[in-house]
Amino acid sequence: MSSERYNAPAREPHWQAKWDQAHIFKAENASEKPKCYVLEMFPYPSGRIHMGHVRNYAMGDVFARYKRARGFNVLHPMGWDAFGMPAENAAIERKTHPGTWTYANIATMKGQLKSMGLSLDWSRELATCNADYYQHQQKLFLDLLSKGLAYRKSSKVNWDPVDHTVLANEQVIDGRGWRSGALVESRELTQWFFKISQYSDELLSALGTLDKWPEKVRVMQANWIGRSEGMALRWALDEATAPAGHSELEIYTTRPDTLFGASFLAVAADHPLAKAAAEKDPKLAAFCDECRRMGTSVADLETAEKQGFDTGIRAMHPLDKTWLLPVYVANFVLMDYGTGAIFACPSGDQRDLDFARKYGLPVVPVVLPLGADAAAFTITNKAADGDGTMINSRFLDGMTTSAAFDAVAKKLEAERLGGKPSGTRKVNFRLRDWGISRQRYWGCPIPIIHCKTCGIVPVPAADLPVKLPDDATFDKPGNPLDRHPTWKNCTCPKCKKPARRETDTMDTFVDSSWYYARFTNPTSPTPIDAKAAAYWLPVDQYIGGIEHAILHLLYSRFFFRAISDSGHGTGSNMREPFSALFTQGMVTHETYKSHDGKWLTPAEVRIEGEGAARTATEIATNQPAEIGDIIKMSKNKKNVVDPDDIIAHWGADCARWFMLSDSPPERDVIWTESGVQGAGRFVQRVWRLVDEAANNGSTFDAAMPPVFGVEAMALRRSAHKALDGVARNIEGLRFNVAVAQIYEFTNEISAALPKSSEGLDWALRESAQFLVQMIAPMMPHLAEECWSRLGYNTLAANQAWPQADPALLVDDRVTIAVQVNGKRRDELTVALNASKSDIEVAAMALEGVVRAMDGRPAKKVIIVPQRIVNIVV
RNA sequence: GCGGACGUGGUGGAACGGUAGACACACAAGACUUAAAAUCUUGAGGGGGCAACCCCGUGCGGGUUCAAGUCCCGCCGUCCGCACCA
C-alpha cells in the first residue's frame, strides 16, 4: 500500500507523452464508427491562455473523451484565430513583426494547452495567418465575387478612430468599437461587402431547425435579422412644392391600417428629397448638417430630442388625393432602414406623437384599443400602438387592425401611380450587408487589383496566394500596406498595364467563418475537401462564449451557405455548420484595490476572516485593501489567476475538475482559492480510494462471485447507477451534476470500505474501476495513474465506457414517502413491484400516518407506485 | 420601449408536478498528533419542544391539482441582449 500523495504536476506530463506516442487522438476521415465532431471556438493567440480558455476547453474535452469512450470516431481539433489588430498594435509598441509576435504566442499557448491534457488532434492544427490557410480564403472570396455575393460599394460606414479601420455593424457595441472601445464615427467610404442580406430570410427561418442551440442565441439572431412585414407606399408630391425631378416619395410602413391617422411625412437628412430641397433652402441645409453631425453613439441618441424641419413640400394622401400632408426632415428617421422615409400617425406611435405635439401637427385617433370605452377614448400623451378597432378611418371603420391592413393593401395594390401600384406588400429586414474591408496590415489580403483601364480585376486563381509583404513598417498609424513602397504596385492581369493592388484586408471574422470546415481536411488543395466536410460536418457540439451570439455565429451560418452556393460546401444540401451549440459562462473573481486606488492581483493580497468580517491586506505594504465586486477575470482589473500557476501547483486535473464542478456550465463560475483546494483534496481522495481498493485482494478480472451480500449489492447498485447518471449528465453537458454524482459515489465507496460482506472485495474493485472510468473524461491524468495502479498496462483513455447493468439500476425495494393531505408524515419501504392495495394497507398502518389521520376516515388515497402515497382525509 | 433569462440555506447549487436543500464550499464540535497540516467522525433552513414530534419555509399575491420550487395569472426585483427599425 502506497501512502504517498499523488503528485499531479510531476505525473501529468508523463501521461501526456504516452497519449502523444500512441497518437490516440488522431481522427481518421473514414471509419466504421459513428462520427462526432467536437469543437471549441479557437483562440486568438493573444499571449497566454486564461481561465476562460481552461473552462471552455475542459468542457469540450470532457465531451470529446466521453464520446471516444462511447465508441465514436471523434474529431477534436485546435487552431489559431491568428490575424487581428492586437498583433499589429504589439508590433507598433515592441517594434517586432506582427507575425513574429503571433507565432511566439502560438508556441506559448500551444504548450499551455498541452499541459492541460486535452484530447486534441494536433495534426490538424492551423493558423489563419498562415498563407496555407488564407490563400484558400482568397479563393473563396473570388468565387463569392463571381457569384455576386461579394461586391464593392460606397456607403456610410463605422470608423474606429483608435484602430484606424472600418467596423461592421455587428462589431459596434453601444456606439463603440468592440475591440478598442472608441466612439465610432460615421464615414463615407468605398468598401467590400458580403451579401449576407440575400440570406436574411433563410438565416431567420432556419433558426427554427437549430433545436440544440440555446433559445437566447436564436432570439438574439432573430432580433438582429429583424424581419418586419409592411408595405412600401408611393406618395405623389404636390408639383407646386416639390423640387424639380421629384414627383413622388416612397415610404415604408408596418401600419398601413393607420393611414387615415397620418399627419405628416418625414425623411432622413440624407434622403435625396431632403438634399434636393436643401439646395434651395439654406436653413434646411443647416438643419440636415446638424442631423448628420449628431453621431450615431448611444449617448447622442438618448439625449437627442426629436427634431424636424418642414421642407415646404406637400404630399398627396394615397387614399385621398385632395388631402395634402407636409414633408419634414426629421433627425430620428434612418436613411438605411426601409426607404429612409416614413409616414407618421401620431395617435398610433409614441415617437410620432411626441413629434406632432412639438410641432403642433394633428393627432387623429384611428385605433380604439381592445376593451377601451369609445366615448371616453382620447389620445393625450400616450399613443395607442396596439391592436384594436378602426375609428375615424372612413371605409375601414369597425374593422380590426389586421383586417384594415389587408383592406388598405388590397386597395393600394390596385391603385396606380405613374402606371405602377401605389402600394406593395413588402418584407423588410434590419440586417445589413457585412462590410469586410479593414484598413489594416495583419489580415487576409483581398485578392483584387484596381486597374485604370479595366476597373476592378480579380487576381487570377493561379496567382494566389496574394501574400502579405514581410517588410511592412509599423512606425506610424494607418495601413502599412497602403504606404508600402512596392507591394501595392502590380500589373493588371487583363491589360498588363501598371495597376494598384487592393490594400484593404479582410475582417478577421471571415477567417473564423470557415475554419471548422478546413479542419476536416487541413491539407486539402481546395479550400474545402467536400468529401471530408460531408463526413464530419456539421459540428456535433460547438462550445464557446455567448459574446459571439451574433458576430461569429451569424457570420459562419451565412458564410457556410454562401461558399456552398459558390461551389465550396459539402456538395450536399447541408446548410448549418453547427448542429448543437453550447455557450459557457465566464470565469469571475473578486477584485482588490489598494489603499491608494490601484488594482491588485489576488496574489498581492492576504485575506483574513470570513463573511462580513472578511478583510484584505496588501502584502507588500501591509496596508488595508478594498475587496471589490466579483467580475469577469480581466487584466485591466488584475483579478486574474494564471492557469500555468494553478497547473504547476495543483495539476491540470484539479483545475479542470474545479472548472466543471459546482456551477452549471452555462453560468458564470467564481474562481476561489478554497474551491481549488476542495478539488485538490478530491484528487487525493480518488487516488487513496483506488489505492485501497486495489489492495483489496480480489481483482475485478476474477470471476464474479455467485452471491453478493447486502452491502456488496448496495455498492454495486450505486456503482451502476452512478455510471448511468454520469453518462447521461455528460451527454447533456450538465457537468456540475455529473461531478456531484461522482462525489456521491465516492462517499458510497468510502462507507463500504470498512464493511465486510460476501463479494464485497469484488464489488469494491468494480467500483474503483468504474470510478476511474467515470472521472477519466474530466481528470484524464489521474485516471491513467489510477488505471495503472489497478494493474492495467493499457491506457484508460482507450477504454470503452462500461456498460451499466440495467438490472442494477433499479432497486428491488423502494422507499416512498407517505403523505396525509399533501404533507409528508412517514415513509414506507416496499418491494419494487408491490401492488397498490399492499401499499395502501402498509401505509395506513404507519405510526405517523395513524397520528396524522387522527381517527378520520380516508376520503381518497392516491398511490403512485415507486413514488408516493397521499391520503386525503 | 422591445425581447430573453433568472429569483431555493452563510455560499455555489440539486430536485421526470411526487420525501425541498442532493453534492460541494465555508463553518462548528470531536478523533488522531507534542503541535500543525492531512485524514476521519458528527452537526447544522428558521422557530417551538427534554423528547417523540409539531409549526413555518423555494422573491410577493392569487389560481389549477390529491400534491406546486416546478404549471397558469398578476406584481416586485436582478441580470443579459437589442434599441429613434417606422
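Residue numbers begin at 1 in each chain, while the letters A, B, ... track the order of the sequences.
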Sequence neighbours excluded and cut-off under 3.5 Å, please list the side-chain donor-acceptor pairs for residues 663-675 of chain A, or say none.
residue : atom : partner : partner atom : Å
A/D668  : OD1  : A/M586  : N            : 2.9
A/T672  : OG1  : A/G675  : N            : 3.0

Give the B/S/- string for nucleotides 45-55 of chain B, one per nucleotide from 5' to 3', where a protein heavy atom under 4.0 Å of the base yields B, of only the sugar-phosphate yields S, and otherwise -.
--------SSS

Name all pairs fulfilling the salt bridge (Lys or Arg N to Asp or Glu O under 4.0 Å) condition that reach into residues 721-730 of chain A, sequence neighbours left out, sorted by first residue then second.
A/K721-A/D811, A/D724-A/R728

Atom pairs, protein N/O to nucleotides 64-70 of chain B N/O, distance under 3.5 Å:
residue : atom : partner : partner atom : Å
B/rC66  : O2'  : A/N870  : ND2          : 3.0
B/rC66  : O2   : A/N870  : ND2          : 2.8

Sequence neighbours left out, what pairs pass side chain to side chain donor-acceptor pair (under 3.5 Å) with at least one residue falling in residues 817-830 of chain A?
A/T815-A/T829, A/R824-A/E827

Residues from residues 724-743 of chain A lying under 4.0 Å of RNA chain B - heavy atoms:
A/N736, A/A740, A/Y743

Could you pull out the protein-nucleic contacts involving nucleotides 77-80 of chain B (nitrogen or oxygen on both sides, under 3.5 Å)?
residue : atom : partner : partner atom : Å
B/rC80  : O2'  : A/K216  : NZ           : 3.2

In a table with atom names and distances, give each donor-acceptor pair under 3.5 Å that connects a side chain of residues 260-273 of chain A to protein atoms at least two apart or in another chain.
residue : atom : partner : partner atom : Å
A/S263  : OG   : A/P362  : O            : 3.1
A/D270  : OD1  : A/R292  : NE           : 2.5
A/D270  : OD2  : A/K156  : NZ           : 3.0
A/H271  : ND1  : A/L273  : N            : 3.0

Applying salt bridge (Lys or Arg N to Asp or Glu O under 4.0 Å), which residue pairs with at least one partner in residues 850-865 of chain A are found, sequence neighbours left out?
A/E847-A/R851

What residues from residues 264-274 of chain A pass a heavy-atom cutoff of under 4.0 Å to RNA chain B?
none

Protein and nucleotides 37-43 of chain B: nitrogen or oxygen contacts under 3.5 angstrom:
residue : atom : partner : partner atom : Å
B/rU39  : O3'  : A/R688  : NH2          : 3.4

Write down the partner of B/rC2 under the Watson-Crick or G-U wobble criteria, each distance required to be under 3.5 Å.
B/rG81

Can you sort out the partners of A/E250 under salt bridge (Lys or Arg N to Asp or Glu O under 4.0 Å), two or more places apart, ordered by chain and number?
none

